[in-house]
Q: 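Following this message is one structure expressed as structure tokens.
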Protein chains: 2
Amino acid sequence: MIQPGRTPLHIQLADIIRSQIESGVYNAGDQLPTEMELMKQHELSSSTVRQAVLALVSEGLLYRRAGKGTFVAKRHIGRDLLTFSGFSEEAAARGFRPGARHMTAHWRPADAVAAALNVPTHESIFTIERVRTIDDEVVAVETVSFVAAIGRLMEKLDLADTSFTEILEQQLGVPLARAKQEIRAGIARAKLAKALDVSSGTAVLQIDRTAFDTADRIIYFSSSSYRADRYIYSCWIERNSASIAQPRRLIGRSR
Amino acid sequence: MIQPGRTPLHIQLADIIRSQIESGVYNAGDQLPTEMELMKQHELSSSTVRQAVLALVSEGLLYRRAGKGTFVAKRHIGRDLLTFSGFSEEAAARGFRPGARHMTAHWRPADAVAAALNVPTHESIFTIERVRTIDDEVVAVETVSFVAAIGRLMEKLDLADTSFTEILEQQLGVPLARAKQEIRAGIARAKLAKALDVSSGTAVLQIDRTAFDTADRIIYFSSSSYRADRYIYSCWIERNSASIAQPRRLIGRSR
DNA sequence: CAGTGGTCTAGACCACTGT
DNA sequence: CAGTGGTCTAGACCACTGT
């Protein structure tokens, strides 16, 4: 029952419709009541009904057809998507057991990652290298470089097997907001092949990530190489809704 | 000047504000005119002004603070992101010249892509293969399979050099909504290596895409192999906003 | 306090879909 | 043709921000 109060009416209506879909009152493909019917049922104005329904459309739960009606979408994309998260977080969320081996941590000049971290070349950065495992099988080699301010906090902590994302957010209070990723295909040469336990010349998926906090400061740059036979990067992309953070492709500049 | 016509007024207003931001009339952090001022300036009702401004907010171009005002966002994530788009559309948007070579189109049994298209194995599908170029240099090999209903429409058209995305939407009226992508690293063997003009054993980035319309019907499945030296997949991911379609990673199941 | 965006009402007219 | 969602008007009242 929709009642005036602290919760806006359009949010109450959207919640009602959402729970009706989840509980099976409406199933995939079903037509929802029209705007007019929803107005009468809930004693709301057309604008309020519209606001509620459009919110569910942008969630991907409903779709509308002018002249036809409003329908329950067959797929519920929002439900099975994971946000920007670290290796450990993500593996755990999927029911796998993440792990790390052969970790080394040290200070070194920024050099090659200076541009990615937006610091001078000679500035010291704190770099951690680890071999990442899923259920004790080697999946990736990961190198994470932190800007000096974060590095000074990280080096005092016990970092084995832990999720950097959780440490940053929960122990250090760094509010991670977004990251830019670049995904490439590459070949594992001698050293990398050995670390990944594959033959030299095997394909690897390379993912570079630059992470930003809510104030758009760079927090870390990570570069990971995944075994192509054990890792697939999967994502949904949307058409015509510029509001949504979407993958893009770059044309490489090499000749 | 906003005028009644085929373009809705709220879209006209959003376009005006967007171009004012792009041309520097308003800069990052600047406060925009209030709803009341925009209503007077453009002789529009509050709802119409609101609709335009909210669209720009959801694009990430503006942000609003109750009691304070509407401001130009500092980061314009929406601006440098491309939506789900085809090879041609995207290359053109970046100032490159897309092309296609060696196109073949034929009907064949669904077989291996039956699962991806969600049709029976024996059902006929329409498959198009092309070598894709950017500024006349080979970048990728692309195989697109359409479900029979779409295939029967496609086979009558002139498909050389064209963007399937544009054909689907503009000529066939298919409202593409979203796609699921899987990105892998692979190795170019003899046939693929020859098509891409690289040595056998070179790394390639493989992107499989299943495209859905707004009613969540599968429209096509495409499988592309990109030269690793000429193509990088780039995307932004956000933390803690479940409503946004975001990339996720899958742990591969192979041993 | 005046000014802002957030919510909400009660309509009107339109283009589009399917019978 | 009746019914649908899409657009638009012309207001009202509210909570919140900053002086």
Side-chain angles (χ1 to χ4, degrees), chain A residues 1-17 26 29-73 240-241 243, chain B residues 1-17 26 29-73 169-170 172-175 177 213-215 217:
Chain A
M1 188 60 188
I2 289 186
Q3 290 180 332
R6 24 188 188 356
T7 308
L9 307 185
H10 69 94
I11 290 178
Q12 291 185 51
L13 177 57
D15 286 344
I16 287 173
I17 297 172
Y26 301 117
D30 286 358
Q31 180 166 9
L32 237 68
T34 64
E35 285 191 8
M36 195 67 80
E37 288 167 341
L38 289 171
M39 286 166 65
K40 286 178 188 158
Q41 281 174 28
H42 301 283
E43 294 183 329
L44 294 171
S45 71
S46 62
S47 310
T48 305
V49 167
R50 197 174 171 74
Q51 200 173 355
V53 172
L54 288 183
L56 296 174
V57 168
S58 75
E59 281 182 28
L61 218 57
L62 303 177
Y63 64 92
R64 319 189 90 185
R65 286 285 169 277
K68 290 187 71 179
T70 302
F71 305 85
V72 178
N240 294 331
S241 51
S243 63
Chain B
M1 188 62 187
I2 290 186
Q3 288 181 332
R6 26 191 184 356
T7 308
L9 307 184
H10 69 92
I11 291 178
Q12 292 185 50
L13 177 56
D15 286 344
I16 288 173
I17 297 173
Y26 302 115
D30 286 358
Q31 180 165 9
L32 236 67
T34 66
E35 284 189 10
M36 194 66 81
E37 287 167 342
L38 288 172
M39 287 166 65
K40 286 179 189 158
Q41 281 174 29
H42 301 283
E43 295 182 329
L44 294 171
S45 72
S46 61
S47 309
T48 305
V49 167
R50 195 174 172 75
Q51 200 174 354
V53 172
L54 288 184
L56 296 173
V57 168
S58 75
E59 281 182 29
L61 216 59
L62 303 177
Y63 63 92
R64 320 189 89 185
R65 289 286 170 276
K68 291 188 70 178
T70 302
F71 305 86
V72 178
E169 290 192 329
Q170 291 167 23
L172 304 182
V174 175
D213 69 2
T214 50
R217 289 178 296 236

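Residue numbers start from 1 in every chain, and the chains themselves are labelled A, B, ... in the order their sequence lines are given, proteins ahead of strands. Predicted model, so just to flag it, every value in this text is computed and none were measured.
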Q: Starting from C1' on C/dA12, measure out to CE on A/Met36 and report it in whole angstrom.
A: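 Taking atom C1' of C/dA12 as the reference, CE of A/Met36 is at 11 Å.
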Q: Please report the distance, rounded to the nearest Å, between NZ in A/Lys40 and C1' in D/dT4.
A: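 Nearest whole value for this atom pair: 13 Å.
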Q: Can you tell me if the side-chain N/O atoms of A/Thr70 get under 4.0 Å from OP1 or OP2 in D/dG5?
A: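 Yes, within the criterion.
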Q: If the cut-off is 4.0 Å, is A/Thr34 near the phosphate of D/dG3, judged by side-chain N/O to OP1 or OP2?
A: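 Indeed not, no polar side-chain atom of A/Thr34 lies that close.
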Q: Looking across every strand, which nucleic acid part, if any, lies under 4.0 Å from A/Ser47 by heavy atom: base, sugar-phosphate, or nothing?
A: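 Contact class for A/Ser47: base.
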Q: Using atom CD of A/Gln51 as one end and atom P of C/dA10 as the other, report the distance to the nearest whole Å.
A: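 It works out to 16 Å between those atoms.
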Q: Could you please name the option among C/dG6, C/dC8, D/dC8 that lies closest to any side-chain atom of B/Pro8?
A: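 Among the listed nucleotides, the one closest to the side chain of B/Pro8 is D/dC8.
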Q: Can you tell which of B/Glu37, B/His42, B/Met36 makes a side-chain contact (heavy atoms from CB on, under 4.5 Å) with B/Lys40?
A: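 Among B/Glu37, B/His42, B/Met36, the one that satisfies the side-chain contact (heavy atoms from CB on, under 4.5 Å) with B/Lys40 is B/Met36.
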Q: Under 4.0 Å between a side-chain N/O of A/Lys68 and OP1 or OP2 of D/dG3, yes or no?
A: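 Result: no.
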Q: Between A/Thr48 and B/Gly69, who's closer to the 5' end of DNA chain C by nearest nucleotide?
A: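 Whichever sits nearer the 5' end wins; that is B/Gly69.
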Q: Ignoring hydrogens and angles, tell me if any N or O in the side chain of A/Glu35 forms a donor-acceptor pair with the backbone of A/Val53 under 3.5 Å.
A: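 Side chain of A/Glu35 to backbone of A/Val53: no pair is present.
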Q: Could you tell me the separation between the CZ atom of B/Arg50 and the P atom of D/dA10, rounded to a whole number of Å?
A: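 Computing the B/Arg50:CZ to D/dA10:P distance gives 18 Å.
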Q: Figure out the CE/P separation between B/Met39 and C/dG3, and round it to whole Å.
A: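 Taking atom P of C/dG3 as the reference, CE of B/Met39 is at 15 Å.
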Q: In terms of side-chain heavy atoms of B/Glu35, which of C/dT7, C/dT9, C/dG5 is nearest?
A: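 When the side chain of B/Glu35 is considered, C/dG5 is the closest of C/dT7, C/dT9, C/dG5.
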Q: Does a side-chain N or O from A/Arg64 land closer than 4.0 Å to OP1 or OP2 of D/dT4, or not?
A: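 For D/dT4, OP1/OP2 do not have a side-chain N/O of A/Arg64 under 4.0 Å.
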Q: Expressed in angstrom and rounded to an integer, what is the separation of A/Leu38 atom CG from D/dG3 atom C1'?
A: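 For the pair A/Leu38 CG and D/dG3 C1', the rounded distance is 15 Å.
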Q: How long is the straight-line distance from CD of B/Glu43 back to CG of B/Leu9, given to the nearest 0.5 Å?
A: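 Taking CG in B/Leu9 and CD in B/Glu43, the distance rounds to 11.5 Å.
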Q: In whole Å, I'd like the distance from the CG atom of A/Leu54 to the P atom of D/dG5.
A: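 The answer, rounded to whole Å, is 11 Å.
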Q: Side-chain N or O of A/Ser46 less than 4.0 angstrom from OP1 or OP2 on C/dA10?
A: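 A/Ser46 to C/dA10 OP1/OP2: no side-chain N or O under 4.0 Å.
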Q: Give B/Arg65 one of three labels, base, sugar-phosphate or nothing, depending on what nucleic acid heavy atoms sit under 4.0 Å from its own.
A: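 Sugar-phosphate contact only - B/Arg65 comes under 4.0 Å of backbone atoms but never of a base.
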Q: Considering Watson-Crick and G-U wobble pairs with both distances under 3.5 Å, what does C/dG11 pair with?
A: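 For C/dG11, the partner nucleotide comes out as D/dC8, under the 3.5 Å rule.
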Q: Taking side-chain contact (heavy atoms from CB on, under 4.5 Å) as the criterion, tell me which of B/Ser47, B/Ser46, B/Ser45 meets it with B/Met39.
A: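 Of the listed options, the one satisfying the test is B/Ser46.
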Q: Output the rounded distance in Å from CG (A/Leu9) to P (D/dC13).
A: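 For the pair A/Leu9 CG and D/dC13 P, the rounded distance is 16 Å.
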Q: What's the closest nucleotide to the side chain of B/Ser45 if the choices are D/dA10, C/dT9, D/dT7?
A: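 When the side chain of B/Ser45 is considered, D/dA10 is the closest of D/dA10, C/dT9, D/dT7.
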Q: For the atom pair OG1 (A/Thr70) and CG (A/Leu38), what is the distance rounded to the nearest 0.5 Å?
A: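 Reported value, rounded in 0.5 Å steps: 8.0 Å.
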